[in-house]
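Convention: sequence-line order gives letters A, B, ...; per-chain numbering from 1.
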Protein chains: 2
Amino acid sequence: MHTLMVADDHPLFREAIAAVIEAGLPDSRLLEAESLDEALRHAGACAELDLALLDLGLPDASGLEGLRALRAAHPWLPVAILSADQERRTILDALDLGAVGYIPKSTARRSLLAALAQLLEGQVYLPPDIMRRSAVPHLSAAGAGAGAPMPGPRFAALTDKQLEVLIRLSHGASNKVIARELDIAETTVKTHVSAILRKLGVPGRVQAILAANDADLEALLAERHGPSR
Amino acid sequence: MHTLMVADDHPLFREAIAAVIEAGLPDSRLLEAESLDEALRHAGACAELDLALLDLGLPDASGLEGLRALRAAHPWLPVAILSADQERRTILDALDLGAVGYIPKSTARRSLLAALAQLLEGQVYLPPDIMRRSAVPHLSAAGAGAGAPMPGPRFAALTDKQLEVLIRLSHGASNKVIARELDIAETTVKTHVSAILRKLGVPGRVQAILAANDADLEALLAERHGPSR
DNA sequence: GATAGCCTCCTCCTTCGGTAGGAGGCCAGA
DNA sequence: TCTGGCCTCCTACCGAAGGAGGAGGCTATC
């Protein structure tokens with residue numbers, strides 16, 4: 001027997017959550033709040049609360065302020081964020097403020113149930129697809145000393161020819177097209193592509209393209225051949 | 001059949017990990033490294049690596065620098081931290097650098113096994129006892145911004161599900177990964193992908209990704225279904 | 001001369017991506 | 001009630017992609 005609370009200003013979404021819980025956690029009770037104020041009152045009134053699901057778009061709380069307020073008022077209450085925001089940074093900030101989990105609203109119904117079960121068991125839940133994707137260790141928010149850009153993949157390790165191939169790769173060209181454009185055999189293109197993937201530490205051409213799109217490869221290539229080209 | 005790597009300079013600890021894996025994950029292979037350098041070499045040599053367990057006390061890497069280096073060299077390798085450090089701040093910093101999990105060395109054998117299984121399934125694992133004990137909020141996060149990128153007209157023809165697939169596609173996910181994340185069969189993903197390619201008028205996933213990267217698909221999806229921020 | 005790195009090309013093999021065609025279930029509108 | 005769109009899943013087939021492993025020619029450096 002668990003008691004949950006969902007704080008979301010969209011009735012439809014609260015109903016959806018209620019349906020999921022009823023179907024998958026029949027032993028549970030659900031409190032509903034449509035504002036931060038109501039959520040705070042519920043949390044104060046109900047001592048049995050096991051988990052609060054907090055939307056980040058509440059009318060009386062902008063962004064993570066609601067989380068901060070709820071945490072400050074009830075430090076013992078586990079709070080998980082429920083949001084349409086899929087920014088990695090937002091998730092990390094929420095954890096920083098003491099959230100025990102983060103559930104994107106785009107989560108599939110079955111995954112949602114699994115996430116709730118995990119949270120009720122005392123575990124931490126974070127969306128795997130967001131936390132595990134690209135997640136390039138670069139830029140911004142947390143200063144923390146040496147803020148050297150530290151270019152992600154090692155484009156500098158690529159040879160000129162490999163750079164030429166990667167540029168065409170990043171434009172979406174197939175091996176066959178690249179072979180024709182560079183006037184070499186397709187097998188040779190494959191050799192170059194394999195070398196590129198190995199040097200960049202990525203598993204396939206798609207990831208190589210995504211990595212390449214963050215850098216100006218033409219500039220790098222031009223720089224190598226001196227200002228005269 | 002999974003392949004793991006443990007990077008720790010204490011042979012005893014490596015042996016303990018190996019024993020746990022042998023007992024609980026008999027289908028798995030384990031590579032051992034006693035330095036960051038060796039870990040980097042293993043990661044470069046073994047493409048099948050599913051998960052790296054990185055100690056924060058390596059002799060040739062101080063603290064989270066090892067994680068930064070490993071992430072930079074192999075952005076697509078999931079890395080979980082294995083450390084004696086139980087500071088909440090350290091865990092958050094590790095996540096910031098792209099770690100997919102954090103396992104304190106004080107973890108009980110059974111919990112360790114569960115954590116590894118969870119990580120190998122593609123989930124995120126964090127120590128519940130540390131993450132769930134109260135933390136004092138002291139952060140200012142402003143979610144201002146909200147630029148105005150216009151989603152291309154072609155994307156309007158996509159259904160919600162197709163949009164979900166395309167978003168993950170644009171992050172470089174394979175059909176198999178998308179299937180796992182959306183909890184549907186790979187054949188279904190293929191069906192969706194085919195429909196997407198047809199509607200966008202592009203010949204392959206690579207071109208779809210390049211087209212998708214010019215639009216803010218998450219915003220489009222959020223607008224469609226109950227925009228709660 | 002020897003060594004090393006790069007570019008070129010090859011074959012064999014496996015996995016991934018994509019199409020074609022079919023099928024059942026669900027749900028909203030006519 | 002029926003129709004149509006959407007989601008789901010399947011088999012079968014084929015081409016693209018990528019790894020393994022080898023090979024010859026080129027240039028620069030020691």
Side-chain angles (χ1 to χ4, degrees), chain A residues 16 19 23 106 108-111 154 156-212 221 224-225, chain B residues 1 3 43-50 76 156-212 221 224-225:
Chain A
S106 62
R109 192 194 179 91
R110 289 174 67 167
S111 304
R154 286 274 174 285
L158 299 178
T159 67
D160 282 3
K161 209 65 175 196
Q162 288 163 359
L163 215 43
E164 292 275 12
V165 172
L166 180 55
I167 289 172
R168 283 153 179 85
L169 202 57
S170 70
H171 293 341
S174 67
N175 290 342
K176 190 177 299 185
V177 169
I178 297 174
R180 205 179 48 229
E181 286 185 1
L182 294 181
D183 196 26
I184 56 180
E186 189 179 342
T187 55
T188 307
V189 176
K190 284 189 176 185
T191 305
H192 288 314
V193 171
S194 289
I196 292 168
L197 300 185
R198 184 168 25 82
K199 288 184 177 178
L200 295 187
V202 295
R205 76 200 286 116
V206 168
Q207 286 74 20
I209 292 171
L210 291 174
L221 185 60
R224 286 192 188 181
H225 274 302
Chain B
M1 172 60 178
T3 303
C46 181
E48 263 75 40
L49 214 45
D50 295 302
W76 298 96
L158 299 178
T159 67
D160 282 3
K161 209 63 175 195
Q162 288 163 0
L163 214 42
E164 292 275 12
V165 171
L166 180 55
I167 287 171
R168 283 154 178 86
L169 202 60
S170 72
H171 292 150
S174 67
N175 289 341
K176 189 176 300 185
V177 169
I178 297 174
R180 200 187 59 220
E181 289 183 359
L182 293 183
D183 196 26
I184 57 180
E186 190 178 343
T187 55
T188 307
V189 176
K190 285 189 175 186
T191 304
H192 288 313
V193 171
S194 289
I196 292 169
L197 301 185
R198 184 167 26 81
K199 288 184 178 178
L200 295 186
V202 295
R205 75 201 284 116
V206 167
Q207 286 74 20
I209 292 171
L210 292 173
L221 185 61
R224 278 195 195 181
H225 218 336

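- Contacts of K161(B) with the nucleic acid, taken as non-hydrogen atoms under 4.0 Å apart, involve only primed sugar atoms and P, OP1 or OP2.
- We find that CG of D160(B) is positioned 11 Å from C1' of dC6(D), with the value rounded to whole Å.
- Of the side-chain N and O atoms in T159(B), none sit less than 4.0 angstrom from OP1 or OP2 of dG5(D).
- As rounded to whole Å, 15 Å separates atom C1' of dC6(D) from atom CD of E164(B).
- Among the protein residues, T191(A) comes within range of the nucleic acid bases, having at least one heavy atom under 4.0 Å from a base atom.
- Put simply, S194(B) has no side-chain N or O that comes within less than 4.0 Å of OP1 or OP2 on dG17(C).
- Atom C1' of nucleotide dC9(C) and atom CD1 of I178(A) are separated by 17 Å, given to the nearest angstrom.
- Residue H192(B) places no side-chain N or O under 4.0 Å from the OP1 or OP2 atom of dC6(D).
- Between R205(A) and E186(B), it is E186(B) whose nearest contact on DNA chain D lies nearer the 5' terminus.
- For the pair I196(A) CD1 and dG18(D) C1', the interatomic distance rounds to 13 Å; values are reported in whole Å.
- In summary, E164(A) and R168(A) engage in a salt bridge, as defined by a charged side-chain N under 4.0 Å from a carboxylate O.
- The separation between K176(A) atom NZ and dC14(D) atom P is 16 Å, rounded to whole Å.
- Residues N175(A) and R205(A) come closest through the heavy atom pair OD1-NH1, 3.0 Å.
- The NZ atom of K199(A) sits 17 Å away from the P atom of dG18(D) (whole-angstrom rounding).
- Panel note: side chain R180(A), backbone K176(A); no donor-acceptor pair is recorded below 3.5 Å.
- Of all heavy-atom pairs between K199(A) and A157(A), the closest is NZ-O, 2.9 Å.
- When distances are taken from the side chain of T187(B) to each of dT8(D), dC9(D), dG19(D), the shortest belongs to dC9(D).
- Across every non-hydrogen atom of I178(B) and A173(B), the tightest pair is CG1-CB, 3.7 Å.
- Regarding K190(B), its NZ atom lies at a distance of 14 Å from the P atom of dC13(D), rounded to whole Å.
- With rounding to whole Å, N175(A) atom CG is found 15 Å from dT8(C) atom C1'.
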